[in-house]
Amino acid sequence: MMWLLVGVASGVGTLCRRNLTALLNKRKHFTHSFLATMIINISGSFLLGVFANNYSSWWAYPLLGAGLMGGYTTFSTFNVELVQLMRQKKLSLFVIHMVVTYSLGLIFVALGYWL
Amino acid sequence: MILQVLLFIFGAIGGITRYFIGQGLMINGFPIATLIINLLGAFLLPIWNDRQKERPLLKEIIGVGFFGAFTTFSSAMLDTLTLIIKGQFIALLIYATITVLGGFLLAYLGTLLTGVAHEETDEQVIEQEESDK
């Protein structure tokens, strides 16, 4: 039944990601849509770090980690955005998106893990 | 509202697919499951997005819903952190390199494949227009 837990939480995570992206992109000063994915992936990494180390119940990781954060964060959209920035010749934004997402993603998963 | 329900359903299916693939794929402690899932998703998403350009609903529920939930950035970061903690630095190097370069290159390849198809159709359109004249 673990898969059901993962599925439901993953669906909720997907809705959080999609609606947060839509909400952020509606804001006037939010000029680059990839920033939403960046914020989502970094915050999701932080929370996954927290969930991975601080909860030991059998349901906690499948529900909050693999499910909620798995559905919330996304690797495919992130890389498609990188390709788009590259093809639009926006090289500085490409480098910013890649370097900031990976470095802060790793830093924040560690912060969450050892918090 | 219907969009939200469909996104939930396809997000759930994406997560469940990831869960079942992830179960069978742990090789000697090397976290290969997330790696394969992420590379597969990064390659397929641009192809899907291009194919469904005319159908925005289908494009979104599978692209944002299924592929978005199927792939996961946070697990890749946690896998990386775990390799650092365990001191498996060779595995770490391999994992990080394949994730960063492989993810980008496969997404690029996926885009390129669809891009090639477009150039062909564009040329065909131009040829058609010229023959019409």
Side-chain angles (χ1 to χ4, degrees), chain A residues 2-19 21 37 40-49 51-53 62 65-84 86-87 94 98 101-102 104-110 112-114, chain B residues 3-5 7-20 22-23 34 37-46 48-49 60 63-82 84-85 96 99-100 102-112 115:
Chain A
M2 208 84 107
W3 63 272
L4 197 63
L5 222 53
V6 173
V8 171
S10 185
V12 174
T14 301
L15 288 180
C16 293
R17 167 165 45 82
R18 191 268 175 191
N19 292 322
T21 304
T37 309
I40 285 164
N41 278 340
I42 294 168
S43 59
S45 296
F46 175 75
L47 291 173
L48 185 70
F51 298 145
N53 202 23
L68 193 62
M69 289 306 116
Y72 176 62
T73 63
T74 176
F75 184 80
S76 49
T77 303
F78 166 59
N79 277 288
V80 166
E81 287 168 350
L82 286 177
V83 171
Q84 280 166 352
M86 175 79 122
R87 285 172 72 100
F94 166 81
M98 189 177 236
T101 301
Y102 278 123
L104 288 188
L106 189 59
I107 289 169
F108 272 84
V109 77
Y113 194 84
W114 281 304
Chain B
L3 175 67
Q4 301 283 325
V5 173
L7 279 168
F8 174 81
I9 293 170
F10 281 91
I13 294 171
I16 290 167
T17 312
R18 170 163 43 78
Y19 177 75
F20 279 116
Q23 283 233 302
T34 303
I37 286 163
N38 279 344
L39 294 180
L40 198 63
F43 176 65
L44 293 176
L45 179 62
W48 175 264
N49 279 346
E60 181 162 6
V64 176
F66 178 81
F67 284 115
F70 176 61
T71 62
T72 171
F73 182 82
S74 51
S75 290
M77 292 302 101
L78 186 63
D79 285 347
T80 310
L81 181 69
T82 308
I84 294 173
I85 292 170
T99 298
V100 175
F104 174 73
L105 289 177
L106 280 171
Y108 198 83
L109 186 66
T111 316
L112 222 56

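Residue numbers start from 1 in every chain, and the chains themselves are labelled A, B, ... in the order their sequence lines are given, proteins ahead of strands.
In this structure, no portion of A:Tyr72 lies under 4.5 Å from any heavy atom of chain B. Proximity to chain A is absent for every atom of B:Leu109, based on heavy atoms less than 4.5 angstrom apart. The parts of A:Tyr102 that come within reach of chain B are both its backbone and its side chain, each placing non-hydrogen atoms under 4.5 angstrom from that chain. Looking at B:Ile84, only its side chain comes within 4.5 Å of chain A, counting heavy atoms on both sides. Using a 4.5 Å cut-off between heavy atoms, A:Thr21 does not touch chain B at all. There is no contact between B:Leu44 and chain A, counting heavy-atom distances below 4.5 Å. With a 4.5 Å cut-off on non-hydrogen atoms, A:Phe51 does not touch chain B at all.
A distance-only check finds no donor-acceptor pair linking the side chain of A:Ser45 to the backbone of B:Met77 [under 3.5 Å]. In terms of modelled atom types and a separation under 3.5 Å, the side chain of B:Ser74 and the main chain of A:Thr73 share no donor-acceptor contact. In this structure a side-chain-to-backbone donor-acceptor pair under 3.5 Å is missing from A:Arg18 to B:Glu60. Between the B:Arg18 side chain and the A:Val6 main chain, no donor and acceptor come within less than 3.5 Å of each other. Using modelled atom types, one side-chain atom of A:Ser10 and one backbone atom of B:Gly11 make a donor-acceptor pair closer than 3.5 Å.
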Problem set entry | Stepwise side chain to side chain contact (heavy atoms under 4.5 Å, CB included) test for A:Phe75 and B:Thr99 | CA-CA 9 Å; A:Phe75 184 80; B:Thr99 298; 3.6 Å; yes
Exercise. Side chain to side chain contact (heavy atoms under 4.5 Å, CB included) between B:Phe73 and A:Ile40: does it pass, once the steps are laid out?
Worked result: CA-CA 9 Å; B:Phe73 182 82; A:Ile40 285 164; over 6 Å; no
For this session: Show the numbers, then the answer: is there a side chain to side chain contact (heavy atoms under 4.5 Å, CB included) between A:Met69 and B:Thr72?
Result: CA-CA 8 Å; A:Met69 289 306 116; B:Thr72 171; over 6 Å; no
For this session: Please assess A:Thr77 against B:Val64 for the test side chain to side chain contact (heavy atoms under 4.5 Å, CB included), listing each intermediate value before the final yes or no.
Result: CA-CA 8 Å; A:Thr77 303; B:Val64 176; 5.9 Å; no
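Interface remark: of the candidates B:Asn49, B:Leu106, B:Ile13, B:Ile85, B:Ile85 forms the most heavy-atom pairs closer than 4.5 Å to chain A. Among the candidates B:Ala107, B:Ser75, B:Ala96, B:Gly41, the residue making the largest number of heavy-atom pairs closer than 4.5 Å to chain A is B:Ala107. Across B:Gly15, B:Gly14, B:Ala12, the residue that shares the most heavy-atom pairs under 4.5 angstrom with chain A is B:Ala12. Of the listed residues (A:Ile42, A:Leu5, A:Asn19), the one with the most heavy-atom contacts under 4.5 Å to chain B is A:Asn19. For the options B:Ala42, B:Gly63, B:Gly68, heavy-atom pairs under 4.5 Å to chain A are most numerous at B:Gly68.
Rounded to the nearest 0.5 Å, atoms OH (B:Tyr19) and CG (A:Leu4) are 11.0 Å apart. Atom CG of residue B:Leu45 and atom CD of residue A:Glu81 lie 9.5 Å apart, to the nearest 0.5 angstrom. Separating the OG1 atom in B:Thr80 from the CG atom in A:Leu106 is a distance of 6.0 Å, to the nearest 0.5 Å. From B:Thr71, atom OG1 reaches atom CZ of A:Phe78 across 11.0 Å, with rounding to the nearest 0.5 Å. Atom CE of A:Met98 sits about 6.0 Å away from atom CZ of B:Phe104, to the nearest 0.5 Å.
Between B:Tyr108 and A:Val83, the closest heavy-atom pair is N-CG2, 3.5 Å. Between A:Asn79 and B:Gly103, the shortest heavy-atom distance links the atoms OD1-C, 3.3 Å. Among all heavy-atom pairs drawn from A:Val80 and B:Pro46, the shortest one is CG2-CD, 3.6 Å. The heavy-atom pair separating A:Val109 from B:Leu81 by the smallest distance is O-CD2, 3.9 Å.
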